[in-house]
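Being a predicted model, the structure only gives us computed values, none of them experimental.
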Amino acid sequence: MSTPPLAGAGMPPGAFSGTQAQAAREVNTASLCRIGQETVQDIVFRTMEIFQLLRNMQLPNGVTYHTGTYQDRLGKLQEHLRQLSILFRKLRLVYDKCNENCAGLDPVPIEQLIPYVEEDGSKHDDRGAASQLRFASEERREIMEVNK
């Protein structure tokens, strides 16, 4: 993944200097959301890989099982789980930063986000269309007078 590291994600406190530190602190919330979306996609991808590894693993049902193969698969599984843990921590950091950036915003009631259609909405449309038609005809008349 090619996302920039977040402040506090394994970086020493003095790793940035001057304007870089300021730019790292003032990350756009939309960019954070994009990073969060990519992180969620990586989490889903890693989880699918883990399930694929688990599905391909053979249960030791009294069958001779090669310890080399077992160790290899166990190592891959542990690596995927470690990466998954890191991705969840990164997602938590992004989530906390987004909440911090949006803390000062006033919450908008859901009812205001959904457009409300009135029962007599057609009457308003007729009046609006009639006023637009009247305005257009007056404008046309003025232009005709100017052209004469």
Check Cys98 against Leu32 and note the closest heavy-atom contact, atom names and distance.
SG-CB, 3.6 Å
Quick one: list whatever passes side-chain hydrogen bond (donor to acceptor under 3.5 Å, both in side chains) with Thr47, sequence neighbours left out.
none
Checking side-chain contact (heavy atoms from CB on, under 4.5 Å) for the pair Lys90/Ile35: CA distance, chi angles, key distance, verdict?
CA-CA 9 Å; Lys90 179 180 177 181; Ile35 291 170; 3.9 Å; yes
For the CG atom of Leu54 and the CG atom of Leu77, what is their distance to the nearest 0.5 Å?
5.0 Å
Contacts of type side-chain hydrogen bond (donor to acceptor under 3.5 Å, both in side chains), residue Ser31, not counting sequence neighbours
none
My understanding is that only residues two or more places apart in sequence, or in another chain, count here; which of them pass side chain to side chain contact (heavy atoms under 4.5 Å, CB included) with Val146?
none
Count I, L, V, M, F, W, Y as connected when their side-chain heavy atoms are under 4.5 Å apart, and connections chain through other members. Are Leu81 and Leu87 then in the same cluster?
yes
Going by heavy atoms in the side chains, are Arg89 and Ile86 under 4.5 Å from each other?
yes
Nearest heavy-atom contact between Asn56 and Arg73 is O-NH1, 3.2 Å
Of the non-hydrogen atoms in Cys102 and Thr29, which two are nearest, and what is the gap between them?
SG-CG2, 4.0 Å
Looking at Asp96 and Arg92, is any side-chain nitrogen of the basic one under 4.0 Å from a carboxylate oxygen of the acidic one?
yes
Should Val44 and Met48 count as side-chain neighbours, where that means a heavy-atom distance under 4.5 Å?
yes
Interatomic distance, Gln37 atom CD to Asp42 atom CG [nearest 0.5 angstrom]:
11.0 Å
hydrophobic_cluster_shared for Val40 and Tyr95, side chain cutoff 4.5 Å:
no
Which donor-acceptor pairs under 3.5 Å do side chains of residues 135-142 form with protein atoms, sequence neighbours excluded?
from: Ser137; atom 1: OG; to: Leu133; atom 2: O; distance (Å): 3.3
from: Ser137; atom 1: OG; to: Arg134; atom 2: O; distance (Å): 2.8

Just jot down the side-chain hydrogen bond (donor to acceptor under 3.5 Å, both in side chains) partners of Glu49, sequence neighbours excluded, or say none.
His80
Does Ile110, at its CD1 atom, have more than 12 non-hydrogen atoms belonging to other residues, nucleotides or ligands within less than 6.0 Å?
no
Pair Glu79 + Lys76, salt bridge at N-O below 4.0 Å:
no
Excluding sequence neighbours, so at least two apart, what forms side-chain hydrogen bond (donor to acceptor under 3.5 Å, both in side chains) with Arg55?
Gln52
